[in-house]
Amino acid sequence: VKRVDATSTRVSLWFAFFAGPLAWTAHELLSYALVKLACANGLGVLEHLLTVAALALAAAGAYAALRARGEGQPQGTSEFVAGAAILISAVFAFAIFMEAIPDLLVNPCL
Amino acid sequence: MALTRVALAGSRTAEPQPNDEQPEDALKRVWTDPTGRFGWTANVQNGPIVKRFMVTVFAFFLLGGLEALIMRTQLALPNNSFITPDVYNQIFTMHGSTMMFLFAVPMMEAFAEFLIPVMVGTRELPFPRMTAFLYWTLLFGALMFNASFLFHSLPDSGWFAYPPLSNIPYSSNLGIDFWNLGLDVAQIAAIGDAFEIIVGILKTRAPGMSLRQMPVYLWSLLVMGFSMIFAFTPLFICTLMLNLDRHWATHFFDPNAGGNPLLWQHLFWIFGHPEVYIMFIPATGVISMIIPTFTRRPLIGHTLIVLAMVATGFLSFGLWVHHMFSTGAVAPLAMSFFTAASMTIAIPSGVQVLAWIATMWGTRPRMTTPMLYALGFIVTFVLGGISGVTLSVVPWDWQVTDDYFVVAHFHYVLIGSLLFATFAGLYYWLPKLTNRLFSESIGKWNFWITMIGFNVTFFPMHFSGLLGMPRRVFTYAAGSGLELPNLVSTIGAFALGLGVLIFLVNFAWSIVLAHGPEAGVNPWGAGTLDFATESPPPDEGYRVVPIVHSREPLWDQPRLDEGDPEIVRLVHALEQSPTDYRATLVTSLAEGIPQGVVRIASASRLPLVAAFGLSVIFAGELVSIHAVAIIGLVLMIGAIWLWLWPPPVEREFRLGDHGGTTVHGLPAYHSGTRAPGWWGMLLVLLTIAVGSACCIFSYFYFRAGVTDWPPAGIARPDLSLPVIRTVVFALSALPAWWALRSIRRDYQVQLQVSLAANATLGGVFLVLLMVEIGQWDPNLRGNAYGSVFYLLQGIQLLLVLIGLLISLFTQAQAWLGYFNRWRYLAVQNLANYWTFSVVHWLVVAAVLYVSPYVL
């Protein structure tokens, strides 16, 4: 058993694994917190910008995972983590997308 | 060689011969807990503790079930007078709280504590004295909670105890205090267990068990562990606030003084919703272990299941507002975000169900009792899950909230997943723990009667809910169409009770009276390491630590001690030594590469004393006699001090081979990410951070509800003193790091001086902080702003007090010369703790002193 992962790969794998969940968490909490503001100042566009930023972060996670995938041993741990990270990014991108639907349909002042 | 021999041995080896001691007997001797009349009070081995743990929580399950039967008897007929409305309120509160806090989560913890060492392939859990401490803590907390029966003051505000109902004057007897303080003690056990689970899985896996080879059950426990830290801490904070409101004149939940009862709902459900998944995720882990065994096929979609568990863990924290849809306090757009999240979480759960079906597809599963329960789990959980998805839709939730539809939904999810998984797990793993198989024929009766009884009880509740029957009401009118579904439910409940009784009969017959067949090493032909040792697993866990190359090593590997010659040599060498202290292997987090040999604590009665002291603190507060609480505190601190004090073999630096610093070429002294204790401290700090985040959330929650902040008549805080305090405290972190730097170079005097400087500056900060708190500004006493202000300062005060205790503990060791350039983990932990408290203070100070000027 030999150590094959360079530190940079490990850091980017950590990022890849947690970027999606973090993006979704931030998206949900900030969207919730901004509802009042969106109504009072007509800043509905803020919610959409938030969605774009969150999706971008999740996509960055998936990208980092895709890049890390080629670098480890074929059946190694980093391959496994990278594979899981791609799936996780996809699930949380979907979760962000789901939470963006109400922004298009529901009046923030209701 | 030795492992295969162990694996084939049906029972435990003979008593050691004192004169002619073999190395393996030496290993057994060092790992054996004291015997004798009171030996059990000093047990730290996971085996005996888990047996106790399971019996205890099963007893509470029976109690909770009895309470359910009392309710169902009352509801059998309309306008029944079996119990009074007051008693009904008390019984449903006790039922819910007992099942959630004293059965469901602890049962999953008990499985975890039993299975982690065998499944990861190590000798013992990383913090064995903590295992003992947590069991006693749970026991004392549960007894304290149920002592409310003896004092005729049962809590009666439901298991989620919403204020103002749970606050004075609406609940002025001791009932809520029993609930609050008794369950807090039990919660401490849950949080502590999370540390043990996480560190055990991350740092003590067998060589070669990388994250890729790790069984899904361990993944589920990892998610459970982190969720417990993030969920139980908010619960602890909101129950603390409720206690302060009730007895210390604060105003967190008092709307007349700027407080807000909805704050409770936020904090409680940030705990309460993930709580469901804290039980459910390890339950799915159990099912994911059982299905491959009985279909004899590796789990299909392993990565997908891991992903589903991790995703569920995260998503479960973003659903809490769906418990508050009917409060009218959340804007429709905001509610829709939580509808979206609540629907999304169905996806990972669906992925798991499909993966289980795919695994079974085309096989002929052996229909043993555990497998039947696993199938029952899937069917029931899908039904409960689907009704759950419907509840995420706001208008539908408004329609059925607080009626029996919801009761039906969550019992399908909780009983269907948790109870069936518990039974599946007990039938599957108790043979490993006791070396006796259950009777399969009684087991089948057990399953079918439980399954039928359960569905007869809860399926009609969907209809009684739709007919408008509200939950938590002691009766219903005749002629409302509710008679039939209720009668059917009651009949079903007794059938379900009968099913549980049959389990007890099976347990007594097969295991206690030992009529069941001997289980042997691997009765089910499972593929994972939990069935690699003899039954029950010996105290030392594995004589030869296994080497793992596969997810199902027992299926794929002819031998468990093959591989890299260096590691083969290592695992066999570990059989010979160290045998003068308990030691286990630590491995790297991702790859499972051996990193060192770490000493594990030996048997002790101190955890029992510490748990007793902790309970005395809460009992003292329960009766509002603070002197008693202080006695408990002293007892607890004293016991923990002695418990952590290094034993001679460590403080005299005799851990290594021949007085060196290594064991079989691996380090024997640890610091940083290699040391389990370092991870323990990291998780403690994470827990504190979560708790403080809840308090800061409360601060801004109050802030967001008003235009004047601080409230009218209160000046913004003066900044001059806080600045001085902050400077002093920030400076105190420097000597802590200097101490660490010194001991790494073996500068003993420098170490002592910098530790003293750190403590002195910390003490000055403490005094300055106490001066401000001591002034006890009268303007702040009467409102929620002041309550949260003093709460945050109080947390900082506590943080520094504990820091000074840690410092004293470290200094005492430094004076005695117990540190050197290898052994300095305590100094490192102090430096980390201290840095955290400084950062914590910077955040708290920014919130308390700066934010009123800028926000």
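Below, all heavy atoms of this structure are taken into account, side chains as well, without hydrogens, waters or symmetry copies. To find a chain, count down the sequence lines: A is the first, B the second, and so on, and within it residues start at 1.
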Colleague: Which bit of B:V330 is near chain A, if near means a heavy-atom gap under 4.5 Å: side chain, backbone, both or neither?
Modeller: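 Side chain of B:V330 only, per the 4.5 Å heavy-atom cut-off to chain A.
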Colleague: Could you tell me which portion of A:L29 (side chain, backbone, both or neither) has an atom closer than 4.5 angstrom to a non-hydrogen atom of chain B?
Modeller: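 The answer is the side chain of A:L29.
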Colleague: Of the listed residues (B:G318, B:P348, B:G313), which shares the most heavy-atom pairs with chain A below a 4.5 Å separation?
Modeller: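 Winner by heavy-atom pair count: B:G318.
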Colleague: Given a strict heavy-atom distance threshold of 4.5 Å, which part of B:L315 is in contact with chain A: side chain, backbone, both, or neither?
Modeller: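 Interface part for B:L315: both.
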Colleague: As an exercise, state the distance from CZ of A:F18 to CZ of B:F314, rounded to the nearest 0.5 Å.
Modeller: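 Answer for the CZ-CZ pair, A:F18 versus B:F314, is 5.0 Å.
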Colleague: Tell me whether the rings of B:H266 and A:Y32 are parallel (<30°), tilted (30 to 60°) or perpendicular (>60°).
Modeller: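 Correct class here is tilted.
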Colleague: With a 4.5 Å cut-off on heavy-atom pairs, point out which of A:F80, A:F17, A:F92 contacts chain B the most.
Modeller: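 Between A:F80, A:F17, A:F92, the count favours A:F80.
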Colleague: Drop me the distance from B:T339's OG1 to A:I101's CD1, to the nearest 0.5 angstrom.
Modeller: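 So the OG1 of B:T339 and the CD1 of A:I101 are separated by 11.0 Å.
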Colleague: With rounding to the nearest 0.5 Å, note down the distance linking CG in B:L333 to CG in A:N107.
Modeller: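 Those atoms lie 8.5 Å apart.
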Colleague: If I take atom OG from residue B:S336 and atom CG from residue A:L110, how far apart are they, to the nearest 0.5 angstrom?
Modeller: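 Rounded to the nearest 0.5 Å, the OG-CG separation comes to 9.0 Å.
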Colleague: If we define contacts as heavy-atom pairs under 4.5 Å, which of A:T25, A:I96, A:D103 has the most with chain B?
Modeller: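 Most heavy-atom pairs under 4.5 Å with chain B: A:D103.
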Colleague: Is it true that, when you exclude A:F15 itself, more than 12 heavy atoms of the residues, nucleotides or ligands shown sit nearer than 6.0 Å to its CZ?
Modeller: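 Buried by this count: over 12 neighbours within 6.0 Å.
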Colleague: Could you state the interatomic distance from OG (A:S78) to CZ (B:R212), rounded to the nearest 0.5 Å?
Modeller: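 Answer for the OG-CZ pair, A:S78 versus B:R212, is 8.5 Å.
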Colleague: Do A:E28 and B:F338 come within less than 4.5 Å of each other through their side chains, counting heavy atoms only?
Modeller: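 The answer is yes, as the side chains (C-beta and beyond) meet within the 4.5 Å cut-off.
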Colleague: If you count the non-hydrogen atoms of other residues, nucleotides and ligands that lie under 6.0 Å from CZ in A:F97, is the total more than 12?
Modeller: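 Counting other residues, nucleotides and ligands, CZ of A:F97 stays at 12 neighbours or fewer.
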Colleague: Just wondering, more than 12 heavy atoms not from B:E562 lying within 6.0 Å of its CD?
Modeller: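 More than 12 heavy atoms, drawn from other residues, nucleotides or ligands, come within 6.0 Å of this atom.
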Colleague: How long is the gap from OG1 on A:T77 to CE on B:M214, to the nearest 0.5 Å?
Modeller: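 Here the rounded value is 11.0 Å.
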Colleague: Counting only non-hydrogen atoms closer than 4.5 Å, does B:I347 touch chain A with its backbone (N, CA, C, O), its side chain (CB onward), both, or neither?
Modeller: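 Only the side chain of B:I347 comes within 4.5 Å of chain A.
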Colleague: Of the non-hydrogen atoms in B:A311 and A:V91, which two are nearest, and what is the gap between them?
Modeller: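 Looking at all heavy atoms of both residues, the closest pair is CB-CG1, 4.1 Å.
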